[in-house]
Number of protein chains: 2
Amino acid sequence: MAHKPRTEMIAETRAKLVTAARKAFGTVGYAEASMDDFTAEAGLTRGALYHHFGDKKGLLQAVIAEIDGEMSARMSAVTRQAPSRWQGFVDECVTYVEMALDPEIQRIILRDGPAVLGDPSQWSSQTACIRNMTATLEKLIEERTVRTIDPRATAHILNGTMLYASLLIANAEDQRKASQEAVRAMTALLDGLLAKPEAA
Amino acid sequence: MAHKPRTEMIAETRAKLVTAARKAFGTVGYAEASMDDFTAEAGLTRGALYHHFGDKKGLLQAVIAEIDGEMSARMSAVTRQAPSRWQGFVDECVTYVEMALDPEIQRIILRDGPAVLGDPSQWSSQTACIRNMTATLEKLIEERTVRTIDPRATAHILNGTMLYASLLIANAEDQRKASQEAVRAMTALLDGLLAKPEAA
DNA sequence: TAAGATCACATACGCCCCGTATGTAGATGA
DNA sequence: TCATCTACATACGGGGCGTATGTGATCTTA
């Protein structure tokens, strides 16, 4: 029974740390998560953490990158199977809101992330989601479906729109009702982007 | 030279603490702000802080309440002197974006606040700004200027829209250009709320 | 395949920061 | 004027973090 190669072992411990941290950050939050505690839970010590990620912030970045990769994958899947380009864009937005309902995502991506790492739009990761949306917008503007506005700026701003829609829903007593209201308001706003606005 | 009455002295020390904390939170951030440091800067100790505010979070709440009061005042001033109700609403939004450009506000209200205290829409204070906007929206819907959407949900969502517009501008290399792009995108979105959409 | 170098972690130490428990001086009220 | 209360300061203990150091296993090279 030979040992696994070294690189594989390393990847494994990195994954163990990221998983344990993600769980801790997602539940008790970044500030309250004791490095001693969640490294121990992964069968390791802080030594491993510092070796691989530099510090607590570095580990948070890794966790965020992992989450963001998952979100990005889901979004592009939605875009691919949309009937029209505009509908695909709207679906993308709705999917984003749905994903942001996850308490773990809210805690790590929306609350602690910005506080610790600063403006999300600067993160290499978060940009992935936004880049998707920017690209879609560019095409929509090119084909004259959408007004001539700056696609990057619009994507960033819509990012905020959707995140706060998620917050609204997540904290509502009646989530179903809140979700309907939020989607309705959001689609109304999105209609404003259209070159030929639809009737209300 | 008689001493000042006691209640006045108390209000003064509270104000001193809030001011010192606001400065510290706004520059180095909540987590990095040492209570020993900024209380000393106010000529006090942590004892005073715990006595008046319970803990660090309590002080942050007080700081946020102060800032939010100022923001609320500015917003209602803008609303009062608007030519039309819809224009007043748009101005309100633009003002909000402008205020959120302040690094202190970004740091305290947008980054650290949510991380420490949770969803901003739950803060008694933040509600002030949102309530303003909700009220304006209600009237606009009543007079059929705006589509029939839920005003509270819309206000919350727009809150996010504007905050991220501010982030975008604040972090841009060319702030003037970014601000133009952001305002353009925002007004486009807002047009979507109108019952009779304006031509692009 | 054996010796040396390297790497992936664990251990150990000190510092700072926080929360609480306790002390105290001055204002208040009879 | 004395008892009480209040607004703070001081003192103490604990925990978390960052770093410096140690160690055993793996990889390299001849």
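Fair warning: this is a prediction, and the values are worked out from it, not measured in the lab. Residue numbers start from 1 in every chain, and the chains themselves are labelled A, B, ... in the order their sequence lines are given, proteins ahead of strands.
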Please report the distance, rounded to the nearest Å, between [atom1] in [X] and [atom2] in [N].
| X | N | atom1 | atom2 | result |
| --- | --- | --- | --- | --- |
| A:Lys16 | C:dA10 | NZ | C1' | 14 Å |
| A:Arg14 | C:dC7 | CZ | C1' | 14 Å |
| A:Leu59 | D:dC17 | CG | C1' | 14 Å |
| A:Asp36 | D:dG15 | CG | C1' | 9 Å |
| B:Leu60 | C:dC18 | CG | P | 13 Å |
| B:Ile10 | D:dC8 | CD1 | P | 6 Å |
| A:Leu44 | C:dA10 | CG | C1' | 10 Å |

Counting only non-hydrogen atoms, which of residues 28-35 of chain B are less than 4.0 Å from DNA chain C?
-> B:Ala33, B:Ser34, B:Met35
Shortest non-hydrogen contact between A:Ile67 and A:Ile105, atoms and distance = CG2-CG1, 4.0 Å
Any donor-acceptor pair under 3.5 Å between the side chain of A:Arg46 and the base of D:dG16?
-> no
What are the residues of residues 47-57 of chain A, sorted by number, that bring a heavy atom to within less than 4.0 Å of DNA chain D?
-> A:Tyr50, A:Lys56
Could you grab the distance from atom CZ of B:Phe25 to atom NZ of B:Lys56, nearest 0.5 Å is fine?
-> 6.0 Å
Are side-chain N/O atoms of B:Gln87 and B:Asp91 paired as donor and acceptor at under 3.5 Å?
-> yes
Closer than 4.0 Å, any side-chain N/O of B:Thr13 to the OP1 or OP2 of D:dC8?
-> yes
Is a salt bridge present between A:Arg147 and B:Asp191, judged by a nitrogen-to-oxygen distance below 4.0 Å?
-> yes
Helical bend (five base pairs per end, nearest 10°) for the helix from C:dT1-D:dA30 to C:dA30-D:dT1 | 10°
